[in-house]
Amino acid sequence: MPADLRCPACETTYAAGPDEPWRCECGHALEFADRPHPDGEPLPLSRLDTSRGLWTFFEFLPIEGHVTFHEGFTPLVDAPEWDAQFKLEYVLPTGSFKDRGATTTLSRAIELGVERVIEDSSGNAGASIATYAARAGLEADIYVPADVKQSKLMAIQRADARPVRVEGSRQDVTDACIDAVEAGEGWYASHAWNPAFYAGTMTIAFEIAAQRDWTVPDAVVLPIGHGTLFLGAYRGFSLLNEAGIVDGMPRLLGAQAAGHAPIVDALADDPLDGDGNGSDIADGIRIAEPAREDEILEAIDETDGDAIALGSDPIESALDRLHRGGFYVEPTSAVAPAALERYRADGHLADDAEVVVPLTGSGLKTL
Ligand SMILES: [Zn+2]
C-alpha cells in the first residue's frame with residue numbers, strides 16, 4: 001500500500017492515489033504520514049551491500065523501489081586544496097543530484113498507478129524526471145524556461161519526454177505547469193513540492209554518514225534554490241539521529257546567488273549578507289519563492305546554520321578552480337564551494353572544522 005500524505009501545518013491527511021493533491025488545501029506542502037527508520041546498529045560500510053545504490057537504505061524510505069538506474073553511493077573524496085571533502089553528485093546517471101529524487105518520485109508514481117507525470121525545471125530536474133519516466137514507461141511533460149540550455153533540452157527530448165517552453169520568469173514556468181496539473185493533465189512530479197522527491201534527496205545524508213564510518217561532519221555547505229538537497233540533508237541527518245545511528249547534527253550552511261536569495265533576505269540580521277550585485281550565473285537556483293521556505297529556515301535555526309549570497313565574481317573564480325582541479329561541474333555547483341571560502345574567511349567555520357560540500361551538477365550539460 002502506498003503511504004498516505006499529511007499536512008504538517010493543519011494535520012489534514014490525504015489518501016494515496018493518482019488523484020492525490022499536489023499540496024494541502026491550506027496551501028502548505030504535504031509530507032508522508034509515515035517516517036520509517038530501522039533500529040539497531042548500522043553495518044560498517046565495508047559490510048554494507050551497496051549494489052542497490054541509494055535503495056540500500058530502503059528501510060528509511062516510505063516508497064518501494066520500482067524505477068532505478070542503481071544511482072547513489074557517489075564518491076566522497078578529499079579535496080585538500082579546499083580543506084573539505086567533496087561529494088561528487090554530478091556523477092549520477094543524468095549528471096545531477098536530482099536523480100536521487102527522480103528514482104523515488106517515479107517509483108512512487110508506479111505505486112500510485114500514475115500514467116503521466118508533469119514537472120517544471122530549469123534543466124537538471126527536467127532531464128532527470130524525463131529519463132526516469134522513460135525507464136518507468138510513463139509519459140512526461142517537462143515545463144522549461146524558453147532560454148533553457150540546449151544541452152539540457154536535448155536530454156529531455158532524447159528521453160522522449162515532451163518539453164513545454166514557457167516565456168517569462170522561472171515563476172511563470174512554474175505557474176504554467178501548475179495550471180496543467182490542476183487541469184488534470186497529469187501527476188505533479190515536482191522536485192519542489194512532491195514529498196517523494198525529498199525522500200530520495202535525504203539519502204545523501206545516509207551516504208555521507210556511512211562513508212565517514214557512521215559519523216557526521218561538523219558542517220555541510222549546500223546550494224539553496226528550492227532547498228531540495230538542503231532539506232534532504234536536514235531530513236536525512238535528523239532521521240539518523242532519531243534512529244540512534246549517529247549523535248548530533250552537522251551545521252547546515254546555505255549558499256545562494258545574489259539577487260536570487262530569499263532565504264538570505266529572510267535571515268534579516270545576517271551579518272554575512274552578499275555584495276548586492278545580482279548574479280545570473282547560477283541558473284539552477286534562481287528561485288524567488290522556495291516551496292518549503294519555513295522548513296529551510298527551521299533547518300538553519302536547528303543546526304546553528306546560516307545562509308549567504310554570492311555575486312558572480314567569487315562563483316566564477318570557484319568554478320575556474322574546480323575545473324582546473326578536475327571537478328568538471330556546472331556554474332550552479334560552484335556556488336557552495338565559493339560560499340565555503342567566504343564562511344572560512346569570515347571566521348564562521350573553525351580552522352579544523354570537517355566540512356562536506358556536494359558538487360551537484362555536471363558541466364557537460366552546460367556546454
Ligand atoms: Zn494543510
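One is the number of the first residue; the rest follow in order along the sequence. When a ligand or atom number is given, it counts from 1 through the structure's own listing order.
- Classified by interplanar angle (parallel below 30°, tilted 30° to 60°, perpendicular above 60°), the ring pair His348/Tyr343 is tilted.
- There is a side-chain donor-acceptor pair under 3.5 Å between Tyr132 and Glu71.
- Contact between Pro331 and Ile315 at its shortest, heavy atoms only, is O-CG2, 3.8 Å.
- Each of Phe206, Trp55, Phe57 was checked for a ring pair (Phe, Tyr, Trp, His ring centres under 6.0 Å) with Phe73, and the lone residue meeting it is Phe57.
- For the Zn ion (ligand 1), the tally of protein N/O/S atoms lying closer than 2.8 Å stands at 4.
- Rounding to the nearest 0.5 Å places CZ of Arg170 at 4.5 Å from CG of Asp120.
- Partner of Gln85 under the side chain to side chain donor-acceptor pair (under 3.5 Å) criterion, chosen from Arg212, Glu354, Gln211: Arg212.
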